[in-house]
There are 2 protein chains.
Amino acid sequence: MIANPDSNTEQAILEAAEKLFLEKGFALTSTTEIARVAGCNQALVHYYFRTKDNLFNSVFEKKVRLFATGLLQVHQPGISFEQKLKQMIEAHFDMLRANPGLPFLVFNELLTNPERLKKLKGNMLDLPKLVFFPLKAELEAEIAKGNIRQMTIYDLIISVVSLNVMLFIASPILKILAELSDGEILKLVENRKQENVIIILKSIKPTI
Amino acid sequence: MIANPDSNTEQAILEAAEKLFLEKGFALTSTTEIARVAGCNQALVHYYFRTKDNLFNSVFEKKVRLFATGLLQVHQPGISFEQKLKQMIEAHFDMLRANPGLPFLVFNELLTNPERLKKLKGNMLDLPKLVFFPLKAELEAEIAKGNIRQMTIYDLIISVVSLNVMLFIASPILKILAELSDGEILKLVENRKQENVIIILKSIKPTI
DNA sequence: TTTGCATTTAATAGATCTATTAAACTAAGC
DNA sequence: GCTTAGTTTAATAGATCTATTAAATGCAAA
(Lines give C-alpha, C1' and ligand atoms only; values in the text may rest on other atoms or scores of the structure.)
Protein backbone atom coordinates (compact mmCIF):
# COMPACT_ATOMS: atom_id res chain seq x y z
CA MET A 1 0.00 0.00 0.00
CA ILE A 2 1.32 3.40 -0.97
CA ALA A 3 1.53 5.99 1.78
CA ASN A 4 -1.08 8.66 1.45
CA PRO A 5 0.95 11.89 1.33
CA ASP A 6 -1.71 13.68 3.34
CA SER A 7 -2.87 10.77 5.41
CA ASN A 8 -6.19 11.26 7.09
CA THR A 9 -4.74 10.29 10.42
CA GLU A 10 -1.65 12.44 10.10
CA GLN A 11 -3.80 15.41 9.23
CA ALA A 12 -6.15 14.71 12.13
CA ILE A 13 -3.18 14.61 14.49
CA LEU A 14 -1.87 17.89 13.13
CA GLU A 15 -5.24 19.56 13.56
CA ALA A 16 -5.75 18.20 17.05
CA ALA A 17 -2.25 19.33 18.01
CA GLU A 18 -2.82 22.78 16.58
CA LYS A 19 -6.07 23.16 18.49
CA LEU A 20 -4.61 21.97 21.79
CA PHE A 21 -1.31 23.83 21.51
CA LEU A 22 -3.23 27.02 20.79
CA GLU A 23 -5.45 26.45 23.79
CA LYS A 24 -2.94 25.37 26.38
CA GLY A 25 0.56 25.71 25.03
CA PHE A 26 3.23 23.06 24.67
CA ALA A 27 3.86 22.02 28.27
CA LEU A 28 0.23 21.47 29.22
CA THR A 29 -0.63 19.45 26.13
CA SER A 30 0.16 15.70 26.23
CA THR A 31 0.49 13.41 23.26
CA THR A 32 -2.16 11.24 24.90
CA GLU A 33 -4.62 14.11 24.73
CA ILE A 34 -3.66 14.93 21.15
CA ALA A 35 -4.37 11.32 20.23
CA ARG A 36 -7.71 11.41 22.02
CA VAL A 37 -8.80 14.56 20.16
CA ALA A 38 -7.47 13.17 16.87
CA GLY A 39 -9.33 9.93 17.54
CA CYS A 40 -6.36 7.61 17.35
CA ASN A 41 -3.90 5.65 19.46
CA GLN A 42 -1.28 7.63 21.36
CA ALA A 43 1.59 5.73 19.74
CA LEU A 44 0.42 6.94 16.33
CA VAL A 45 1.34 10.49 17.29
CA HIS A 46 4.92 9.31 17.72
CA TYR A 47 4.75 7.07 14.66
CA TYR A 48 4.06 10.07 12.43
CA PHE A 49 6.07 12.76 14.21
CA ARG A 50 8.49 10.75 16.35
CA THR A 51 8.68 13.39 19.07
CA LYS A 52 6.24 15.83 20.61
CA ASP A 53 8.75 18.53 19.82
CA ASN A 54 8.73 17.71 16.11
CA LEU A 55 4.96 17.85 16.07
CA PHE A 56 4.99 21.18 17.83
CA ASN A 57 7.50 22.66 15.41
CA SER A 58 5.34 21.51 12.50
CA VAL A 59 2.53 23.75 13.64
CA PHE A 60 4.59 26.46 15.30
CA GLU A 61 6.68 27.88 12.50
CA LYS A 62 3.69 28.19 10.21
CA LYS A 63 1.90 30.08 12.99
CA VAL A 64 4.77 32.44 13.70
CA ARG A 65 4.97 33.35 10.05
CA LEU A 66 1.25 34.00 10.02
CA PHE A 67 1.63 36.15 13.09
CA ALA A 68 4.45 38.21 11.66
CA THR A 69 3.17 38.61 8.12
CA GLY A 70 -0.19 39.87 9.27
CA LEU A 71 1.26 43.31 8.85
CA LEU A 72 2.50 42.72 5.34
CA GLN A 73 -0.23 43.25 2.84
CA VAL A 74 -0.46 44.36 -0.73
CA HIS A 75 -2.11 47.73 -0.98
CA GLN A 76 -3.93 49.55 -3.68
CA PRO A 77 -1.54 51.89 -5.44
CA GLY A 78 -2.02 55.60 -5.26
CA ILE A 79 -3.60 55.85 -1.85
CA SER A 80 -2.21 58.08 0.86
CA PHE A 81 0.22 56.89 3.50
CA GLU A 82 -2.45 57.31 6.14
CA GLN A 83 -4.92 55.23 4.17
CA LYS A 84 -2.28 52.58 3.63
CA LEU A 85 -1.51 52.56 7.35
CA LYS A 86 -5.19 52.22 8.16
CA GLN A 87 -5.47 49.24 5.82
CA MET A 88 -2.45 47.60 7.40
CA ILE A 89 -3.76 48.01 10.92
CA GLU A 90 -7.11 46.60 9.90
CA ALA A 91 -5.58 43.66 8.03
CA HIS A 92 -3.39 42.84 11.01
CA PHE A 93 -6.37 43.14 13.30
CA ASP A 94 -8.50 40.87 11.11
CA MET A 95 -5.76 38.25 10.98
CA LEU A 96 -5.63 38.26 14.78
CA ARG A 97 -9.40 38.04 15.05
CA ALA A 98 -9.30 34.98 12.80
CA ASN A 99 -6.51 33.46 14.94
CA PRO A 100 -7.17 34.76 18.44
CA GLY A 101 -5.06 32.11 20.18
CA LEU A 102 -2.01 32.90 18.11
CA PRO A 103 -0.35 35.64 20.19
CA PHE A 104 -0.60 33.60 23.35
CA LEU A 105 0.99 30.57 21.73
CA VAL A 106 3.80 32.55 20.16
CA PHE A 107 4.67 34.55 23.26
CA ASN A 108 4.24 31.65 25.63
CA GLU A 109 6.55 29.34 23.72
CA LEU A 110 9.14 31.93 22.79
CA LEU A 111 9.39 33.19 26.36
CA THR A 112 9.47 29.84 28.15
CA ASN A 113 11.69 28.08 25.64
CA PRO A 114 14.79 30.12 24.79
CA GLU A 115 16.11 27.49 22.34
CA ARG A 116 12.93 27.83 20.33
CA LEU A 117 13.55 31.56 20.09
CA LYS A 118 17.14 31.15 18.96
CA LYS A 119 16.15 28.55 16.40
CA LEU A 120 13.44 30.86 15.15
CA LYS A 121 15.90 33.66 14.54
CA GLY A 122 17.61 31.61 11.85
CA ASN A 123 14.39 30.79 10.05
CA MET A 124 12.92 34.25 10.11
CA LEU A 125 15.75 36.49 9.04
CA ASP A 126 13.82 37.54 5.95
CA LEU A 127 10.75 38.69 7.82
CA PRO A 128 11.88 41.97 9.38
CA LYS A 129 12.99 43.23 6.01
CA LEU A 130 9.81 42.07 4.32
CA VAL A 131 7.68 43.81 6.91
CA PHE A 132 9.72 46.94 7.57
CA PHE A 133 11.27 47.94 4.28
CA PRO A 134 8.16 48.75 2.28
CA LEU A 135 7.02 51.09 5.02
CA LYS A 136 10.27 52.63 6.13
CA ALA A 137 10.96 54.71 3.03
CA GLU A 138 7.42 56.00 2.87
CA LEU A 139 7.38 56.94 6.52
CA GLU A 140 10.60 58.88 6.20
CA ALA A 141 9.34 60.69 3.13
CA GLU A 142 6.21 61.78 5.00
CA ILE A 143 8.30 62.96 7.93
CA ALA A 144 10.51 64.97 5.56
CA LYS A 145 7.39 66.56 4.10
CA GLY A 146 6.26 67.50 7.58
CA ASN A 147 3.09 65.41 7.41
CA ILE A 148 4.14 63.16 10.28
CA ARG A 149 6.06 63.86 13.46
CA GLN A 150 9.58 62.53 13.96
CA MET A 151 9.46 58.80 14.72
CA THR A 152 11.04 55.53 13.64
CA ILE A 153 9.42 52.68 11.75
CA TYR A 154 10.10 50.47 14.76
CA ASP A 155 8.09 52.77 17.00
CA LEU A 156 5.20 52.67 14.59
CA ILE A 157 5.23 48.88 14.27
CA ILE A 158 5.55 48.37 18.02
CA SER A 159 2.57 50.62 18.66
CA VAL A 160 0.35 48.95 16.10
CA VAL A 161 1.25 45.45 17.22
CA SER A 162 0.86 46.35 20.89
CA LEU A 163 -2.62 47.76 20.47
CA ASN A 164 -3.84 44.97 18.23
CA VAL A 165 -2.23 42.00 19.93
CA MET A 166 -2.90 42.90 23.53
CA LEU A 167 -6.61 43.08 22.87
CA PHE A 168 -6.71 39.43 21.86
CA ILE A 169 -4.46 38.30 24.69
CA ALA A 170 -6.55 40.14 27.25
CA SER A 171 -10.08 39.69 25.96
CA PRO A 172 -10.67 36.17 27.36
CA ILE A 173 -9.69 37.55 30.76
CA LEU A 174 -11.73 40.71 30.29
CA LYS A 175 -14.72 38.61 29.33
CA ILE A 176 -14.68 36.73 32.62
CA LEU A 177 -13.74 39.60 34.91
CA ALA A 178 -16.22 42.07 33.44
CA GLU A 179 -18.86 39.35 32.94
CA LEU A 180 -19.39 40.18 29.28
CA SER A 181 -21.54 38.08 26.98
CA ASP A 182 -20.21 36.76 23.69
CA GLY A 183 -22.13 39.50 21.93
CA GLU A 184 -20.67 42.21 24.13
CA ILE A 185 -17.14 40.95 23.52
CA LEU A 186 -17.73 40.91 19.77
CA LYS A 187 -18.93 44.49 19.94
CA LEU A 188 -16.00 45.57 22.10
CA VAL A 189 -13.52 43.93 19.73
CA GLU A 190 -15.07 45.49 16.65
CA ASN A 191 -15.04 48.86 18.39
CA ARG A 192 -11.36 48.47 19.30
CA LYS A 193 -10.50 47.92 15.65
CA GLN A 194 -11.65 51.44 14.83
CA GLU A 195 -10.23 52.78 18.07
CA ASN A 196 -6.77 51.40 17.28
CA VAL A 197 -6.85 53.01 13.84
CA ILE A 198 -7.85 56.34 15.37
CA ILE A 199 -5.14 56.15 18.02
CA ILE A 200 -2.38 55.42 15.53
CA LEU A 201 -3.49 58.00 12.98
CA LYS A 202 -3.82 60.70 15.63
CA SER A 203 -0.57 59.76 17.31
CA ILE A 204 1.56 60.26 14.21
CA LYS A 205 0.35 63.78 13.56
CA PRO A 206 2.85 66.61 14.02
CA THR A 207 2.13 69.77 16.14
CA ILE A 208 2.96 69.73 19.82
CA MET B 1 11.26 25.64 69.84
CA ILE B 2 8.78 28.31 68.91
CA ALA B 3 7.99 28.63 65.24
CA ASN B 4 9.54 31.63 63.64
CA PRO B 5 6.57 33.49 62.15
CA ASP B 6 8.66 34.42 59.14
CA SER B 7 10.86 31.37 59.06
CA ASN B 8 14.04 31.77 57.09
CA THR B 9 13.31 28.63 55.15
CA GLU B 10 9.71 29.46 54.43
CA GLN B 11 10.76 32.86 53.16
CA ALA B 12 13.50 31.34 51.02
CA ILE B 13 10.99 28.95 49.50
CA LEU B 14 8.60 31.82 48.75
CA GLU B 15 11.34 33.83 47.11
CA ALA B 16 12.62 30.90 45.07
CA ALA B 17 9.08 30.12 43.97
CA GLU B 18 8.43 33.71 42.99
CA LYS B 19 11.60 33.86 40.95
CA LEU B 20 10.94 30.57 39.15
CA PHE B 21 7.23 31.09 38.58
CA LEU B 22 8.00 34.48 37.08
CA GLU B 23 10.62 32.98 34.81
CA LYS B 24 8.86 29.87 33.61
CA GLY B 25 5.30 29.85 34.82
CA PHE B 26 3.53 27.27 36.94
CA ALA B 27 3.66 24.17 34.74
CA LEU B 28 7.36 24.30 33.97
CA THR B 29 8.45 24.88 37.56
CA SER B 30 8.82 21.80 39.77
CA THR B 31 8.85 21.73 43.54
CA THR B 32 12.20 19.98 43.27
CA GLU B 33 13.65 22.96 41.46
CA ILE B 34 12.09 25.40 43.92
CA ALA B 35 13.75 23.48 46.75
CA ARG B 36 17.09 23.52 44.95
CA VAL B 37 16.97 27.30 44.48
CA ALA B 38 15.75 27.80 48.04
CA GLY B 39 18.58 25.56 49.24
CA CYS B 40 16.42 23.04 51.05
CA ASN B 41 14.92 19.59 50.75
CA GLN B 42 12.06 19.12 48.32
CA ALA B 43 9.75 17.79 51.02
CA LEU B 44 10.10 21.06 52.90
CA VAL B 45 8.27 22.84 50.14
CA HIS B 46 5.29 20.60 50.84
CA TYR B 47 5.78 20.82 54.58
CA TYR B 48 5.29 24.57 54.51
CA PHE B 49 2.75 24.90 51.71
CA ARG B 50 1.32 21.38 51.40
CA THR B 51 0.65 21.68 47.68
CA LYS B 52 2.39 23.34 44.78
CA ASP B 53 -0.88 25.06 44.02
CA ASN B 54 -1.02 26.65 47.48
CA LEU B 55 2.50 27.93 47.06
CA PHE B 56 1.67 29.36 43.70
CA ASN B 57 -1.43 31.12 44.99
CA SER B 58 0.63 32.64 47.78
CA VAL B 59 2.74 34.50 45.29
CA PHE B 60 0.18 34.91 42.55
CA GLU B 61 -2.55 36.98 44.14
CA LYS B 62 -0.07 39.47 45.48
CA LYS B 63 1.37 39.79 41.98
CA VAL B 64 -1.99 40.24 40.29
CA ARG B 65 -2.85 43.02 42.68
CA LEU B 66 0.47 44.66 41.96
CA PHE B 67 -0.22 44.32 38.26
CA ALA B 68 -3.69 45.82 38.49
CA THR B 69 -2.96 48.63 40.90
CA GLY B 70 -0.08 49.92 38.88
CA LEU B 71 -2.54 52.31 37.34
CA LEU B 72 -3.87 53.52 40.64
CA GLN B 73 -1.72 56.26 42.00
CA VAL B 74 -2.22 59.27 44.19
CA HIS B 75 -1.73 62.44 42.22
CA GLN B 76 -0.85 65.94 43.12
CA PRO B 77 -4.03 67.98 43.40
CA GLY B 78 -4.72 70.80 41.02
CA ILE B 79 -2.91 69.47 37.99
CA SER B 80 -4.65 69.12 34.64
CA PHE B 81 -6.28 65.91 33.48
CA GLU B 82 -3.60 65.49 30.85
CA GLN B 83 -0.83 65.87 33.39
CA LYS B 84 -2.57 63.41 35.67
CA LEU B 85 -2.89 60.96 32.80
CA LYS B 86 0.78 61.38 31.96
CA GLN B 87 1.72 60.62 35.56
CA MET B 88 -0.46 57.51 35.58
CA ILE B 89 1.02 56.16 32.38
CA GLU B 90 4.52 56.75 33.68
CA ALA B 91 3.79 55.20 37.07
CA HIS B 92 2.28 52.14 35.42
CA PHE B 93 5.25 51.93 33.10
CA ASP B 94 7.72 52.19 35.97
CA MET B 95 5.93 49.46 37.90
CA LEU B 96 6.22 47.18 34.87
CA ARG B 97 9.85 48.02 34.42
CA ALA B 98 10.47 47.05 38.03
CA ASN B 99 8.53 43.79 37.51
CA PRO B 100 9.12 42.87 33.89
CA GLY B 101 8.12 39.22 34.29
CA LEU B 102 4.76 40.09 35.80
CA PRO B 103 2.58 40.40 32.68
CA PHE B 104 3.76 37.08 31.32
CA LEU B 105 3.04 35.29 34.58
CA VAL B 106 -0.40 36.82 34.96
CA PHE B 107 -1.52 36.22 31.39
CA ASN B 108 0.01 32.79 31.16
CA GLU B 109 -1.64 31.47 34.29
CA LEU B 110 -4.99 33.16 33.78
CA LEU B 111 -5.24 31.91 30.21
CA THR B 112 -4.11 28.33 30.76
CA ASN B 113 -5.94 27.82 34.03
CA PRO B 114 -9.59 28.88 33.82
CA GLU B 115 -10.28 27.95 37.45
CA ARG B 116 -7.59 30.38 38.54
CA LEU B 117 -9.35 33.11 36.60
CA LYS B 118 -12.76 32.34 38.11
CA LYS B 119 -11.29 32.23 41.59
CA LEU B 120 -9.56 35.52 40.97
CA LYS B 121 -12.81 37.21 40.04
CA GLY B 122 -14.10 36.74 43.58
CA ASN B 123 -10.98 38.17 45.18
CA MET B 124 -10.61 41.17 42.93
CA LEU B 125 -14.10 42.62 42.78
CA ASP B 126 -12.90 45.83 44.39
CA LEU B 127 -10.16 46.50 41.88
CA PRO B 128 -12.08 47.68 38.82
CA LYS B 129 -13.85 50.27 40.90
CA LEU B 130 -10.65 51.38 42.58
CA VAL B 131 -8.92 51.77 39.25
CA PHE B 132 -11.73 53.11 37.08
CA PHE B 133 -13.84 55.31 39.29
CA PRO B 134 -11.36 58.06 40.10
CA LEU B 135 -10.73 58.56 36.40
CA LYS B 136 -14.17 58.05 34.95
CA ALA B 137 -15.80 61.21 36.26
CA GLU B 138 -12.87 63.37 35.26
CA LEU B 139 -12.72 61.92 31.79
CA GLU B 140 -16.42 62.55 31.24
CA ALA B 141 -16.11 66.11 32.48
CA GLU B 142 -13.29 66.77 30.02
CA ILE B 143 -15.34 65.28 27.20
CA ALA B 144 -18.28 67.48 28.12
CA LYS B 145 -16.01 70.52 28.04
CA GLY B 146 -14.85 69.49 24.56
CA ASN B 147 -11.23 69.03 25.63
CA ILE B 148 -11.22 65.33 24.77
CA ARG B 149 -12.91 63.37 22.01
CA GLN B 150 -15.79 61.01 22.76
CA MET B 151 -14.41 57.81 24.36
CA THR B 152 -15.02 55.53 27.33
CA ILE B 153 -12.80 55.05 30.35
CA TYR B 154 -12.43 51.41 29.31
CA ASP B 155 -11.01 52.41 25.96
CA LEU B 156 -8.51 54.67 27.65
CA ILE B 157 -7.40 52.03 30.14
CA ILE B 158 -7.14 49.32 27.48
CA SER B 159 -4.96 51.56 25.33
CA VAL B 160 -2.60 52.52 28.13
CA VAL B 161 -2.26 48.97 29.40
CA SER B 162 -1.78 47.58 25.88
CA LEU B 163 1.02 49.96 25.02
CA ASN B 164 2.80 49.59 28.34
CA VAL B 165 2.38 45.87 28.92
CA MET B 166 3.12 44.62 25.43
CA LEU B 167 6.51 46.28 25.47
CA PHE B 168 7.61 44.20 28.43
CA ILE B 169 6.12 40.98 27.07
CA ALA B 170 7.79 41.46 23.72
CA SER B 171 11.13 42.99 24.64
CA PRO B 172 12.94 39.72 25.53
CA ILE B 173 11.93 38.44 22.09
CA LEU B 174 12.81 41.70 20.40
CA LYS B 175 16.20 41.63 22.10
CA ILE B 176 17.08 38.26 20.56
CA LEU B 177 15.53 38.76 17.12
CA ALA B 178 16.96 42.24 16.60
CA GLU B 179 20.24 41.32 18.32
CA LEU B 180 20.12 44.25 20.70
CA SER B 181 22.57 44.73 23.53
CA ASP B 182 21.39 45.30 27.09
CA GLY B 183 22.16 48.97 26.69
CA GLU B 184 20.18 49.23 23.48
CA ILE B 185 17.17 47.55 25.08
CA LEU B 186 17.35 49.94 28.04
CA LYS B 187 17.40 52.86 25.66
CA LEU B 188 14.52 51.49 23.61
CA VAL B 189 12.45 50.91 26.75
CA GLU B 190 13.11 54.38 28.12
CA ASN B 191 12.22 55.85 24.74
CA ARG B 192 8.96 53.89 24.63
CA LYS B 193 7.92 55.38 27.96
CA GLN B 194 7.83 58.84 26.40
CA GLU B 195 6.42 57.46 23.18
CA ASN B 196 3.49 55.84 24.99
CA VAL B 197 2.70 59.09 26.78
CA ILE B 198 2.78 60.98 23.49
CA ILE B 199 0.56 58.41 21.77
CA ILE B 200 -2.08 58.51 24.48
CA LEU B 201 -2.11 62.28 24.87
CA LYS B 202 -2.34 62.83 21.12
CA SER B 203 -4.95 60.13 20.67
CA ILE B 204 -7.45 61.66 23.09
CA LYS B 205 -7.48 65.05 21.39
CA PRO B 206 -10.68 66.08 19.63
CA THR B 207 -10.79 67.28 15.97
CA ILE B 208 -10.59 64.39 13.55
C1' DT C 1 -3.68 -16.85 -2.22
C1' DT C 2 0.22 -15.06 -0.73
C1' DT C 3 3.60 -11.60 -0.06
C1' DG C 4 4.92 -7.07 1.43
C1' DC C 5 4.33 -2.74 3.42
C1' DA C 6 2.09 1.00 5.64
C1' DT C 7 -0.77 1.63 9.47
C1' DT C 8 -2.54 0.77 14.00
C1' DT C 9 -2.70 -1.19 18.56
C1' DA C 10 -1.41 -2.85 23.25
C1' DA C 11 2.08 -3.02 26.41
C1' DT C 12 5.63 -1.12 28.68
C1' DA C 13 10.30 0.90 29.74
C1' DG C 14 12.12 4.84 31.76
C1' DA C 15 11.88 9.42 33.38
C1' DT C 16 9.86 12.91 36.19
C1' DC C 17 6.75 15.03 39.22
C1' DT C 18 3.64 15.73 43.41
C1' DA C 19 2.76 14.47 47.80
C1' DT C 20 3.19 11.59 51.95
C1' DT C 21 5.47 9.15 55.65
C1' DA C 22 8.49 7.84 59.06
C1' DA C 23 12.57 8.82 61.03
C1' DA C 24 16.37 12.03 62.42
C1' DC C 25 17.74 16.41 64.07
C1' DT C 26 17.65 20.76 66.94
C1' DA C 27 16.81 23.68 70.56
C1' DA C 28 13.72 25.62 74.26
C1' DG C 29 11.57 24.80 78.71
C1' DC C 30 10.79 21.99 82.84
C1' DG D 1 19.04 15.56 81.50
C1' DC D 2 14.74 14.71 79.57
C1' DT D 3 10.71 15.93 77.20
C1' DT D 4 8.46 18.19 73.61
C1' DA D 5 7.56 20.41 69.40
C1' DG D 6 9.08 22.45 65.30
C1' DT D 7 12.10 21.53 61.47
C1' DT D 8 14.55 18.79 58.12
C1' DT D 9 15.79 14.70 55.60
C1' DA D 10 15.64 10.28 52.95
C1' DA D 11 12.73 7.20 50.88
C1' DT D 12 9.04 6.14 48.32
C1' DA D 13 4.11 5.57 46.75
C1' DG D 14 1.39 6.74 42.99
C1' DA D 15 0.39 9.28 38.97
C1' DT D 16 1.51 10.85 34.43
C1' DC D 17 4.10 11.59 30.43
C1' DT D 18 7.25 10.58 26.33
C1' DA D 19 8.92 7.32 23.47
C1' DT D 20 9.79 2.59 21.92
C1' DT D 21 8.79 -2.11 20.65
C1' DA D 22 6.68 -6.02 19.03
C1' DA D 23 2.70 -7.78 17.42
C1' DA D 24 -1.74 -7.31 14.87
C1' DT D 25 -4.38 -5.44 11.02
C1' DG D 26 -5.69 -4.03 6.39
C1' DC D 27 -4.90 -3.57 1.73
C1' DA D 28 -2.56 -3.55 -2.90
C1' DA D 29 0.08 -5.93 -6.07
C1' DA D 30 2.24 -10.27 -7.66
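All chains are named by letter (A, B, ...) in the order of the sequence lines, taking the proteins before the strands, and each is independently numbered beginning at 1.
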Checklist outcome for this item: Whole-Å distance, A/Arg36 CZ to C/dT9 P, equals 15 Å

Checklist entry - Between atom CD in A/Glu10 and atom C1' in C/dA6, what is the gap in whole Å? => result 12 Å

Checklist outcome for this item: From NE2 of A/His46 across to C1' of C/dT8 the rounded distance in Å is 14 Å

Checklist entry - Once you round it to whole Å, what is the distance between C1' of C/dT26 and CG of B/Asn8? => result 15 Å

Checklist entry - Between D/dT8, D/dT20, C/dT8, which nucleotide has the shortest distance from any of its atoms to the side chain of B/Leu44? => result D/dT8

Checklist entry - To the nearest Å, how far apart are B/Asn41 CG and D/dT12 P? => result 14 Å

Checklist entry - With a 4.5 Å heavy-atom cut-off, do B/Leu111 and A/Ile169 have their side chains touching? => result yes

Checklist entry - Please give, in whole Å, the distance from D/dT16 C1' to A/Leu28 CG? => result 13 Å

Next on the checklist: If you compare all heavy atoms of A/Ala35 against all heavy atoms of A/Gln42, which two are closest, and at what distance to 0.1 Å?
Outcome noted: CB-CA, 3.5 Å

Next on the checklist: Measuring centre to centre across the rings, with the benzene-like ring taken for any Trp, is B/Phe49 within less than 6.0 Å of B/Phe56?
Outcome noted: no

Checklist entry - Rounding to a whole Å, what distance do you find between B/Phe26:CZ and C/dC17:C1'? => result 11 Å

Checklist entry - Are side-chain heavy atoms of B/Glu142 and B/Ile204 found at a separation under 4.5 Å? => result no

Checklist entry - Looking only at side-chain N and O atoms, does B/Thr9 come under 4.0 Å of OP1 or OP2 in D/dT8? => result yes

Checklist outcome for this item: Checking C/dT21, C/dT8, D/dG6 against the side chain of B/Tyr47 (C-beta onward), the nearest is D/dG6

Item to check | hbond_proxy A/Gln42 side chain to C/dA10 base (donor-acceptor, 3.5 Å cutoff) | outcome: no

Checklist entry - Between A/Leu188 and A/Ser171, is any pair of side-chain heavy atoms under 4.5 Å apart? => result no

Checklist outcome for this item: Regarding the side chain of A/Tyr48, the nearest nucleotide among D/dT18, C/dT8, D/dA11 is C/dT8

Next on the checklist: Closest approach to the side chain of A/Thr31, judged atom by atom: which nucleotide of D/dT18, D/dA10, C/dA11 is it?
Outcome noted: D/dT18

Checklist outcome for this item: note: B/Ile13, atom CD1; D/dT8, atom C1'; distance rounded to Å ~ 10 Å

